[in-house]
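As structure tokens, the structure follows; a few thoughts come after it.
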Amino acid sequence: CGAAFRWATTLDLLSQLPSRTLRPDEVTYGAAMGATARGTQWLKSLQLLDSMRQNQLAPNAMTYSCLIEACSLGNNWQQAIAFLVNMRSARFQ
């Protein structure tokens with residue numbers, strides 16, 4: 001699901017998890033963010049971050065890396081640098 005151009009399928013599967021009594025975790029969100037990054041859907045990656053936080057999940061090194069990749073591929077360098085700073089301040093390297 002993480003392949004480029006399959007980001008929509010990935011997001012659809014993610015949205016189906018609660019109806020199957022499954023709860024997405026950091027790895028699930030990271031995989032979805034990776035798919036949206038490779039699909040150059042950086043705004044979708046930011047929405048996933050919001051959803052992740054609403055589910056009381058904290059970003060980890062993988063999710064920060066996917067967010068940085070998504071923003072850089074979307075030419076949103078300021079946001080990519082902001083995530084890099086956040087990642088470093090959270091002591092992820």
Side-chain angles (χ1 to χ4, degrees):
C1 289
F5 307 113
R6 292 193 183 172
W7 61 268
T9 302
T10 302
L11 294 181
D12 184 48
L13 290 172
L14 182 65
S15 71
Q16 292 177 26
L17 290 180
S19 68
R20 297 172 187 227
T21 64
L22 298 171
R23 186 170 183 250
D25 61 10
E26 293 88 346
V27 174
T28 310
Y29 277 104
M33 286 178 191
T36 56
R38 287 184 293 282
T40 64
Q41 299 294 316
W42 68 273
L43 287 174
K44 298 286 185 192
S45 295
L46 297 181
Q47 291 170 351
L48 287 168
L49 176 63
D50 288 340
S51 177
M52 186 177 182
R53 289 180 172 155
Q54 288 171 4
N55 286 302
Q56 285 79 45
L57 296 171
N60 59 23
M62 181 178 68
T63 53
Y64 274 118
S65 294
C66 289
L67 289 163
I68 292 166
E69 178 185 16
C71 291
S72 64
L73 289 173
N75 292 319
N76 188 349
W77 293 103
Q78 289 178 328
Q79 187 66 58
I81 291 169
F83 283 127
L84 181 60
V85 169
N86 289 343
M87 184 178 178
R88 289 186 58 99
S89 67
R91 306 224 187 255
F92 296 119
Q93 297 180 7

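Residue numbers count from 1 along this sequence.
When T10, L22, L17 are each tested for a side-chain contact (heavy atoms from CB on, under 4.5 Å) with T28, only one passes: L17.
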### Message
Checking N86 against S89 for the side-chain hydrogen bond (donor to acceptor under 3.5 Å, both in side chains) test, could you report, in this order, the C-alpha distance in whole Å, the side-chain angles of both residues, the deciding distance, and whether it holds?
### Response
CA-CA 5 Å; N86 289 343; S89 67; 4.7 Å; no
### Task
Tell me, with the steps shown, if S65 and I68 meet side-chain contact (heavy atoms from CB on, under 4.5 Å).
CA-CA 5 Å; S65 294; I68 292 166; 5.6 Å; no
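Looking only at distances, a side-chain donor or acceptor of D25 sits under 3.5 Å from a matching main-chain atom of V27. With hydrogens and angles ignored, the 3.5 Å screen pairs a side-chain donor or acceptor of R38 with a backbone N or O of G34.
The local environment of CD in Q78 is sparse, with at most 12 non-hydrogen atoms from other residues, nucleotides or ligands closer than 6.0 Å.
Going from atom SG of C71 over to atom CH2 of W77 covers 10.0 Å, rounded to the nearest 0.5 Å. Here the straight-line distance linking atom CE of M62 with atom CG of L67 works out to 10.5 Å at 0.5 Å rounding. Here T9 contributes atom OG1 and L14 contributes atom CG; the two are 12.5 Å apart, rounded to the nearest 0.5 Å. For the atom pair M52 CE and L57 CG, the distance stands at 5.5 Å (nearest 0.5 Å). Distance check, rounded to the nearest 0.5 Å: CG of L13 to CZ of R20 gives 7.5 Å.
Qualifying side-chain hydrogen bond (donor to acceptor under 3.5 Å, both in side chains) partners for R23, counting only residues two or more places apart in sequence or in other chains: none.
A pairwise comparison of heavy atoms in L73 and A37 identifies CD1-O, 3.2 Å as the closest pair. Nearest heavy atoms, R53 versus P59: NH2-CG, 4.0 Å. Minimum interatomic distance between S72 and A80 (heavy atoms only, all atoms of both residues): N-CB, 4.1 Å.
When side chains are defined from C-beta on, F83 does not count as touching M87, because their heavy atoms never get closer than 4.5 Å.
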Mind listing the side-chain donor-acceptor pairs of residues 39-51 below 3.5 Å, one per line with the distance, residues two or more places apart or on another chain?
residue, atom, partner, partner atom, Å
Q41, NE2, G39, O, 3.4
S45, OG, T36, OG1, 2.5
S51, OG, Y29, OH, 2.9

